[in-house]
Amino acid sequence: MKEAFREHNPNKKTKERLDHILSIIAEYETQDIKLTERQLFYQLVSRNVVKNTLKSYKSVCSIITNGRYSGRIDWDAIEDRVRIPYRHSQFDGVEDLVESAIYAYRLDRWKGQEYYVELYTEKNALTSILRPLTDKYHIYLNVNVGYTSATAMYDASKRFLEATEDNKECILLYLGDHDPSGLDMVRDVRTRLNEFCEHKAVEVIPIALTYKQVKKHNLPPNFVKETDSRAGDYSKLYGSESWEVDALRPEILQELITDAIEKYRNVDLVEKVLEQEEDDKLKLEKYAKRLANASKK
DNA sequence: CGGTCTGGGCTCACGGTTTG
DNA sequence: CAAACCGTGAGCCCAGACCG
């Protein structure tokens with residue numbers, strides 16, 4: 001909802017940027033995707049509206065914030081994925097609980113499959129685009145927020161080792177930027193995971209952003225920071241330009257991920273699990289009805 | 001020579017004050 | 001009013017300087 005709490009009179013340049021922001025929000029709204037400020041900023045960068053610098057990021061943030069306070073931008077269009085309030089779940093009675101249990105009910109949709117797959121990304125800004133897919137395919141989504149942590153890698157290694165014991169081949173699909181640190185994060189994940197898994201192979205596959213994708217989609221470049229200690233080797237291979245994975249349009253990103261996951265999934269096996277899930281849900285529904293009738297008596 | 005510190009890099013989302 | 005600074009909180013990695 002658009003709600004105004006303050007006055008704000010943007011100048012011509014700011015108004016132009018505000019219009020760009022509003023059209024991006026409208027575009028994402030049709031796909032039911034909420035944006036973070038960071039994500040909106042990257043979209044502006046990829047459309048060559050602003051430069052990819054800390055300064056312009058901050059400027060975009062104030063335009064968004066001012067826009068929201070002044071009632072120009074819908075408060076619900078922007079999401080803060082860091083400051084989330086927690087509270088234990090509650091229900092409107094036992095029937096309500098059973099209903100949500102039916103909704104939540106799932107079996108292991110990767111049972112009997114040849115592969116075990118997880119999806120990793122360095123950017124929290126991609127969460128709203130990735131979640132629907134990892135939910136649908138019933139796989140773990142790990143958002144590393146830059147470099148991953150020892151905790152995350154240790155926990156992941158336990159899951160992969162368990163899959164190995166189940167005679168599954170382990171696949172880690174990775175999404176990150178094409179910049180000196182971004183490419184290094186793939187190496188980092190690979191070596192640390194192998195250390196924990198005692199070199200039982202986990203295949204780390206970068207599905208985006210690749211140099212090929214940069215060229216194919218003609219993505220706008222950023223300058224590599226020469227002060228980055230990892231810039232040297234990168235520049236020898238790719239020159240002085242780098243690219244953000246967020247610059248890929250959401251539908252292209254989703255297509256890439258869908259293709260990557262489906263490569264490792266046997267559809268017939270999944271169908272069987274889904275049938276079992278539906279059967280179980282029917283049983284649960286019958287149980288819920290009996291429960292409801294009993295409580296009326 | 002090996003350990004630790006320093007200052008750079010990445011991610012995320014805010015705030016305030018001064019300068020133009 | 002916007003831009004350019006400064007700061008807060010959190011999680012990381014790495015190269016080179018420094019030191020015992």
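Every chain is numbered from 1 and lettered A, B, ... according to where its sequence line falls, protein lines coming before strand lines. Values below: every heavy atom of this structure, side chains too, minus hydrogens, waters and symmetry copies.
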**Q** Find the distance L126(A):CG to dC10(B):P and express it as a whole number of Å.
**A**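 In whole Å, dC10(B) P and L126(A) CG are 17 Å from each other.
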**Q** Could I get the full list of side chain to side chain donor-acceptor pair (under 3.5 Å) partners for R192(A), not counting sequence neighbours?
**A** D188(A)
**Q** Mind checking if D179(A) touches a base, just sugar-phosphate, or nothing, with heavy atoms under 4.0 Å?
**A**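 Nothing, no heavy atom under 4.0 Å.
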**Q** For each nucleotide in nucleotides 5-13 of chain C, reading 5' to 3', give B when a protein heavy atom comes within less than 4.0 Å of its base, S when such contact involves only the sugar-phosphate, and - otherwise.
**A** BBB---BBB
**Q** Taking NZ, NE, NH1 and NH2 as the nitrogens, is one of them in D246(A) or R38(A) under 4.0 Å from a carboxylate oxygen of the other?
**A**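 Looking at R38(A) together with D246(A), the answer is no, because their closest N to O distance does not fall below 4.0 Å.
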**Q** Rounding to an integer number of Å, can you tell me how far D246(A) CG sits from dT11(B) C1'?
**A**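 Going from CG in D246(A) over to C1' in dT11(B) covers 11 Å.
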**Q** Given R249(A), which of E255(A), Q254(A), E27(A) fulfils the side-chain hydrogen bond (donor to acceptor under 3.5 Å, both in side chains) condition?
**A**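 Only match with R249(A) under side-chain hydrogen bond (donor to acceptor under 3.5 Å, both in side chains): E27(A).
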**Q** Once you apply a heavy-atom cut-off of 4.0 Å, does P180(A) come out as touching a base, just sugar-phosphate, or nothing?
**A**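 Answer is nothing: P180(A) stays at 4.0 Å or more from every strand.
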**Q** Taking the side chain from K168(A) and the backbone from W110(A), do they hold a donor-acceptor pair closer than 3.5 Å?
**A** yes
**Q** Classify Y42(A) by what it touches in the nucleic acid, base, sugar-phosphate, or nothing, heavy-atom distance under 4.0 Å.
**A** sugar-phosphate
**Q** Using whole Å, what does the distance between atom P of nucleotide dA4(C) and atom OH of Y57(A) come to?
**A** 17 Å
**Q** Hey, does the side chain of E277(A) reach the backbone of R106(A) with a donor-acceptor pair shorter than 3.5 angstrom?
**A**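 A pair under 3.5 Å: no.
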**Q** Of all residues at least two apart in sequence or in a different chain, which pass the side chain to side chain contact (heavy atoms under 4.5 Å, CB included) check with E162(A)?
**A**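 If we apply the side chain to side chain contact (heavy atoms under 4.5 Å, CB included) test to E162(A), skipping adjacent residues, there are no hits.
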**Q** Heavy-atom distance under 4.5 Å between the side chains of N266(A) and E114(A), does that happen here?
**A** no
**Q** Specify the angle, to 10°, made by the local axes at the two ends of the helix from dC1(B)-dG20(C) to dG20(B)-dC1(C) when five pairs are taken at each end.
**A**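 One end's axis against the other's: 50°.
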**Q** Without decimals, in angstroms, what is the distance between L183(A) CG and dG9(B) P?
**A**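 My rounded result for the distance is 17 Å.
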**Q** Using the salt bridge (Lys or Arg N to Asp or Glu O under 4.0 Å) criterion, which residues pair with E122(A)? Sequence neighbours excluded.
**A**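 Salt bridge (Lys or Arg N to Asp or Glu O under 4.0 Å) list for E122(A), sorted by chain: empty.
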**Q** Of all residues at least two apart in sequence or in a different chain, which pass the side chain to side chain contact (heavy atoms under 4.5 Å, CB included) check with T14(A)?
**A** P10(A), N11(A), I63(A)
**Q** Give one of base, sugar-phosphate or nothing for A152(A), where a contact means two heavy atoms less than 4.0 Å apart.
**A**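 Here A152(A) touches no strand at all.
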**Q** Take the protein atom CD of E37(A) and the nucleotide atom P of dT11(B), then report the distance between them rounded to whole Å.
**A** 16 Å
